[in-house]
There are 4 protein chains.
Amino acid sequence: MPEDRAAAPLARPTHLRPDALANRWRVLAAAARQLDGPEGLAMNALAREAGVGVGTVYRHFPTRQVLLEALGAEGLEGLVAAAERAADGDGGEDALAQLLRAGLRRQLADPALATVLAEPTAACTDTAAQLERLRGALEAALAHGRATGRVREDVDADDVRRLLCGLARAVDAGPGRASPSARYVDVVLQGLRPPAP
Amino acid sequence: MPEDRAAAPLARPTHLRPDALANRWRVLAAAARQLDGPEGLAMNALAREAGVGVGTVYRHFPTRQVLLEALGAEGLEGLVAAAERAADGDGGEDALAQLLRAGLRRQLADPALATVLAEPTAACTDTAAQLERLRGALEAALAHGRATGRVREDVDADDVRRLLCGLARAVDAGPGRASPSARYVDVVLQGLRPPAP
Amino acid sequence: MPEDRAAAPLARPTHLRPDALANRWRVLAAAARQLDGPEGLAMNALAREAGVGVGTVYRHFPTRQVLLEALGAEGLEGLVAAAERAADGDGGEDALAQLLRAGLRRQLADPALATVLAEPTAACTDTAAQLERLRGALEAALAHGRATGRVREDVDADDVRRLLCGLARAVDAGPGRASPSARYVDVVLQGLRPPAP
Amino acid sequence: MPEDRAAAPLARPTHLRPDALANRWRVLAAAARQLDGPEGLAMNALAREAGVGVGTVYRHFPTRQVLLEALGAEGLEGLVAAAERAADGDGGEDALAQLLRAGLRRQLADPALATVLAEPTAACTDTAAQLERLRGALEAALAHGRATGRVREDVDADDVRRLLCGLARAVDAGPGRASPSARYVDVVLQGLRPPAP
DNA sequence: AATGAATGAGGGTTCATTCAT
DNA sequence: AATGAATGAACCCTCATTCAT
């Protein structure tokens with residue numbers, strides 16, 4: 001059972017030595033590159049590619065899941081920020097629509113984000129916190145939508161997260177990413193409206 | 001480059017010797033069991049579990065993808081049959097609704113089917129043929145739906161397949177499978193209607 | 001937990017292909033050489049030294065303990081044979097004395113035997129069987145010794161085995177092996193006599 | 001060649017800064033805990049367990065052997081003291097008997113002591129000195145025993161040390177530690193008497 | 001057809017050790 | 001003195017794949 005470390009949720013390191021920070025960065029960059037390729041995330045290959053000893057990789061990311069979450073962290077933060085902006089209702093467009101669009105676009109641009117969004121539990125406290133903020137923003141958007149009669153009642157924030165995962169999958173399950181995306185978001189958006197009486 | 005065999009699509013074997021047939025069966029059964037577990041499909045482990053030499057596994061399934069498609073074949077055939085029944089319009093319910101429901105239920109019951117449904121190209125001619133039949137049935141259902149004004153114009157059969165993949169993912173991306181399924185199908189169904197004018 | 005294979009006791013392979021047999025031999029020979037050196041038995045190093053793939057080593061000896069027992073098997077059989085000869089009482093010398101002498105000499109000549117003799121449970125059925133035969137021979141020797149009043153009553157076959165392990169250790173715990181051996185056996189032999197009344 | 005430092009015997013540090021002393025203690029405590037478990041003494045794991053940097057461990061114990069001797073030092077001192085008391089012949093019991101009993105009991109209670117007692121040469125001057133005192137006490141006990149005709153002539157202090165190591169091994173080589181111990185000591189004691197004429 | 005032995009690449013992980021801070 | 005980051009060798013083990021039998 002090799003992946004039984006870090007059972008306790010991991011906090012993001014603070015105050016890293018500058019060289020350590022640089023290494024962390026190189027590893028993350030290499031990981032992002034590998035994630036684009038078809039292979040999984042092999043710790044050894046990662047270290048090689050990053051020009052760093054294996055041990056260093058393990059020090060920074062004791063578990064593949066920790067690494068994944070670190071990879072997706074930036075994207076997740078971006079998504080959360082966008083979600084909160086949308087939920088704050090700057091009035092422009094339908095908050096939920098903005099949210100779905102942003103969520104899908106960002107997943108397609110960042111596979112790590114898609115992975116993190118779909119995983120059952122977070123390994124890092126940081127990730128958990130961001131996901132919780134995301135849930136809050138989604139709930140707010142839904143509440144507003146429900147109040148204005150534009151969102152059905154039987155759907156909650158977690159449903160939206162799951163539908164976002166599904167959207168990304170639908171787009172990935174075929175050729176072409178640009179044109180289907182808009183349409184699929186449209187389908188889900190319309191599907192989220194309250195059923196006609 | 002380990003997976004470079006069988007670039008040419010593979011036809012399903014016919015007229016197997018009875019013992020060969022039995023072996024094929026044992027391997028498929030073992031593979032189904034392994035697919036339920038969390039591990040991948042390791043040829044060696046598979047052979048061990050099936051009580052068969054590795055060579056035998058390779059003879060029957062030269063590629064992992066071939067094996068996967070063989071695994072999903074039964075489920076795929078079932079889905080195709082259901083789709084054609086629905087498209088034939090026995091009149092009962094909305095064909096598209098039946099289709100989505102069946103497609104989701106069967107994917108959840110059969111991970112191999114979900115995989116096959118999402119893969120870009122088929123390795124076996126058989127699979128390709130079934131997928132083509134599925135496409136036909138979906139197209140028929142859509143045509144009928146469009147004709148009766150219950151399905152939007154900008155969605156084609158492949159979109160439905162992809163949305164089916166997305167549905168399965170949405171269900172898998174969270175806890176609980178029963179109650180969300182129906183709701184998510186509902187969302188997509190409603191989303192597929194023509195937009196209100 | 002990497003050593004959880006071969007939980008079921010392993011029987012010695014029969015009817016090996018000739019090349020497999022040759023490999024088995026090469027590995028055992030290399031292992032014997034490594035055991036003389038100060039390092040442990042590293043499977044990788046072993047394979048390298050034997051001129052054989054790692055996989056081959058694992059196929060033949062799924063566990064380090066299995067390997068050790070295979071290494072010690074010959075020595076153990078020799079000891080068992082000697083013990084049975086001694087127990088059969090060819091009349092020459094005191095059976096127990098012969099046994100201790102043989103047991104010590106063979107352990108010193110064969111570190112694997114010393115290891116096997118001291119391990120709490122056998123991994124291979126074969127080893128277990130030989131150990132059982134040894135126990136029988138020891139018991140017989142003790143019984144005869146007790147009957148003739150030359151062995152104390154409160155010592156059984158397992159005690160003798162353990163004392164044999166102790167003897168080997170005593171010899172190994174210092175410089176010089178030849179002269180102490182005889183003396184130490186002597187000490188134990190005299191110590192095994194019934195206490196003076 | 002990792003263990004080529006500290007070829008020159010090491011003196012025990014004196015006048016440690018209080019915090020250094022505390023660290024030394026934590027490391028030793030952690031080492032004692034690890035030695036009870038089945039794993040070896042890994043410097044890294046040790047540091048982790050002790051809540052101390054690896055560097056600190058190395059500063060205090062440049063070599064694993066030094067660490068081991070430090071671990072066993074207390075036990076060794078205890079044994080030496082007991083041996084000298086016994087050799088001083090407080091008259092009570094047979095000195096040699098007391099010695100063997102104490103030596104075995106202490107080895108069983110303290111694996112590090114057993115290790116130190118069996119190692120060919122000491123890494124620390126301190127250990128060497130204690131071992132020398134032990135030798136002296138054993139020699140005294142033997143001399144007295146020989147003088148009173150209760151110990152055979154052909155056994156010296158180092159033999160007794162080695163037999164002590166053997167005793168510990170005999171006890172460890174099987175199930176049960178309490179009841180065999182006394183018997184095995186008995187066997188060796190009786191074996192050390194001068195042979196009947 | 002089937003078998004299963006062999007191979008060796010390669011991923012996972014730990015650890016001893018050094019050294020900049 | 002202490003720290004802990006970094007390194008990389010080395011081990012463990014599993015697999016995909018080939019091929020002689």
Side-chain angles (χ1 to χ4, degrees), chain A residues 1-3 5 13 16-24 39-48 51-60 62-64, chain B residues 1-3 5 16-17 19-20 23 39-48 51-60 62-64, chain C residues 2-3 5 13 16-24 39-48 51-60 62-64, chain D residues 1-3 5 16-21 23-24 39-48 51-60 62-64:
Chain A
M1 212 193 316
E3 312 243 336
R5 277 157 314 175
L16 240 42
R17 253 165 47 179
D19 56 337
L21 199 68
N23 275 335
R24 196 173 196 277
E39 19 265 284
L41 268 183
M43 300 302 238
N44 271 12
L46 197 52
R48 215 179 308 132
V52 145
V54 219
T56 305
V57 175
Y58 275 92
R59 168 177 300 277
H60 287 291
T63 277
R64 203 192 315 286
Chain B
M1 212 190 316
E3 310 247 335
R5 276 159 317 175
L16 246 42
R17 259 172 36 183
D19 56 335
N23 275 338
E39 311 86 48
L41 266 184
M43 300 304 235
N44 276 15
L46 197 54
R48 211 181 311 133
V52 147
V54 219
T56 307
V57 175
Y58 274 89
R59 168 173 303 279
H60 286 292
T63 279
R64 201 192 316 285
Chain C
E3 311 245 337
R5 277 157 315 172
L16 240 41
R17 252 166 48 181
D19 55 337
L21 200 67
N23 275 335
R24 195 173 197 276
E39 19 266 285
L41 267 184
M43 299 304 235
N44 269 19
L46 197 53
R48 214 178 309 130
V52 146
V54 220
T56 305
V57 175
Y58 276 92
R59 167 177 301 279
H60 286 292
T63 279
R64 204 190 317 284
Chain D
M1 214 188 319
E3 310 246 336
R5 273 158 319 173
L16 246 41
R17 258 171 39 183
D19 56 335
L21 199 67
N23 275 338
R24 195 173 196 279
E39 310 87 47
L41 266 186
M43 299 305 235
N44 277 14
L46 197 53
R48 210 180 312 134
V52 146
V54 220
T56 307
V57 175
Y58 273 90
R59 167 173 303 279
H60 287 292
T63 279
R64 201 191 316 285

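As the structure is a computational prediction, the values presented were derived from the model and not from experiment. Residue numbers begin at 1 in each chain, while the letters A, B, ... track the order of the sequences.
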Worksheet item: Nearest-Å distance, CG (B:Leu46) to P (F:dT17)?
Response: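 One finds 13 Å between P of F:dT17 and CG of B:Leu46, rounded.
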Item to complete: Grab the CG-C1' distance between A:Asp19 and E:dT18 for me, whole Å please.
Response: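 From A:Asp19 CG to E:dT18 C1': 14 Å.
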Worksheet item: If you measure from OG1 on B:Thr63 to CE on B:Met43, what distance do you get to the nearest 0.5 Å?
Response: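 Those atoms lie 7.0 Å apart.
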Worksheet item: Has D:Tyr58 got a side-chain N or O lying under 4.0 Å from the OP1 or OP2 atom of E:dA16?
Response: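 It does not, given that no N or O in the side chain of D:Tyr58 lies less than 4.0 Å from OP1 or OP2 of E:dA16.
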Worksheet item: Below 4.0 angstrom from OP1 or OP2 of E:dA6, is there any side-chain N or O of C:His60?
Response: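 Yes.
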Partner of [N] by Watson-Crick or G-U wobble geometry, both contacts under 3.5 Å, or none?
| N | answer |
| --- | --- |
| F:dA9 | E:dT14 |
| F:dT21 | E:dA2 |
| F:dA16 | E:dT7 |

Discussion item. If we ignore hydrogens and angles and just use 3.5 Å, is the side chain of C:Arg24 paired with the main-chain N or O of C:His60 as donor and acceptor?
Written reply: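 No, C:Arg24 side chain to C:His60 backbone: no donor-acceptor pair under 3.5 Å.
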Between the protein and nucleotides 7-11 of chain F, list every N/O to N/O distance that falls short of 3.5 Å.
| from | atom 1 | to | atom 2 | distance (Å) |
| --- | --- | --- | --- | --- |
| F:dT7 | OP2 | A:Gly53 | N | 3.4 |
| F:dT7 | OP2 | A:Thr56 | OG1 | 2.8 |
| F:dC11 | OP2 | C:Arg48 | NH2 | 3.4 |

